[in-house]
Colleague: 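Dropping the structure in here first, questions after.
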Amino acid sequence: MKTIKSFFLFTVFALLLTSCIVNSLYPFYTNDVLFYEPKFEGNWVDQENGVWNVKSFLEVFKEVERDLDKESYKKYSKYNNISYYVYYEKDSSKSAFLVVPFKIKNQLFLDFTPVDDNESLKHINDVYKMHLIGSHALVKLNIDSKENISIKWLSSEKLEALLKANKINIKHEKIGLDEDIVLTASSEELVKFIEKYIASEDIDKWKTDVEFILKRK
């Protein structure tokens with residue numbers, strides 16, 4: 001991480017570089033469901049030897065707040081005490097994320113948004129960057145113990161199958177050459193969707209190809 005002053009949100013999910021997760025234009029949470037879980041903080045390694053460094057956003061903010069102008073200070077300070085700064089590294093790839101934790105019906109979730117820490121996007125040219133916009137991804141968090149947790153992303157294939165079968169009704173659009181699904185529902189509507197999704201009897205509702213088992217280093 002170099003600085004959050006260049007805090008640039010973008011749609012390309014740098015961690016996975018794939019469209020197999022569900023993206024949303026709006027956060028998957030509202031203020032009333034925010035729930036900060038300190039057990040997520042720390043250094044972790046996943047089953048593919050990827051390294052995850054999870055800090056409180058407040059800790060990162062304090063490192064750079066003197067360099068922020070008033071507008072940036074106001075913009076970023078609202079994430080203090082409610083979010084994490086997650087840095088992921090595997091082989092030669094590096095990614096950074098703003099991650100907001102929340103809880104619905106006693107289930108922990110994370111809202112992942114990629115950020116530009118200068119390191120993550122140094123190989124992407126400026127013209128390409130200008131075509132990128134902010135998005136959010138829904139991640140289910142399970143804390144198995146102090147030393148082991150799992151994080152899994154909501155599958156776009158699962159969502160698309162439910163939409164085609166008319167089993168769910170949620171605002172969305174298909175974008176890009178691959179017609180990827182992007183949710184356009186409001187945060188309030190997304191919270192209601194998650195509540196209903198949790199209550200569903202579908203035993204495969206959290207089945208996904210994007211899951212990481214993290215062990216504390």
Colleague: Is D202 salt-bridged to K158, going by a charged N under 4.0 Å from an acidic O?
Modeller: yes
Colleague: Residues in salt bridge (Lys or Arg N to Asp or Glu O under 4.0 Å) with D209, at least two apart?
Modeller: none
Colleague: Under 4.5 Å between any side-chain heavy atoms of E179 and E160, yes or no?
Modeller: no
Colleague: Can you say whether the rings of F109 and F102 are parallel (under 30°), tilted (30 to 60°) or perpendicular (over 60°)?
Modeller: parallel
Colleague: So which heavy atom on G50 is nearest to which on Y88, and how close?
Modeller: CA-CE1, 4.1 Å
Colleague: Testing the basics here: between P101 and Y36, what is the closest heavy-atom pair and its distance to 0.1 Å?
Modeller: CG-CA, 3.8 Å
Colleague: For the ring pair (Phe, Tyr, Trp, His ring centres under 6.0 Å) test, which of Y29, Y85, W153, Y84 pairs with F112?
Modeller: W153
Colleague: Using side-chain heavy atoms (C-beta onward) and a distance below 4.5 Å, is Y197 in contact with I170?
Modeller: no
Colleague: Please check if the distance between the ring centroids of W44 and F212 is under 6.0 Å.
Modeller: no
Colleague: Check whether any side-chain heavy atom of L154 lies under 4.5 Å from a side-chain heavy atom of K205, and answer yes or no.
Modeller: no
Colleague: Looking at side-chain heavy atoms only, is the closest gap between I21 and V139 below 4.5 Å?
Modeller: no
Colleague: What pair of heavy atoms forms the shortest contact from D111 to F28, and how long is it?
Modeller: OD2-N, 2.9 Å
Colleague: Excluding sequence neighbours, so at least two apart, what forms salt bridge (Lys or Arg N to Asp or Glu O under 4.0 Å) with E189?
Modeller: K171
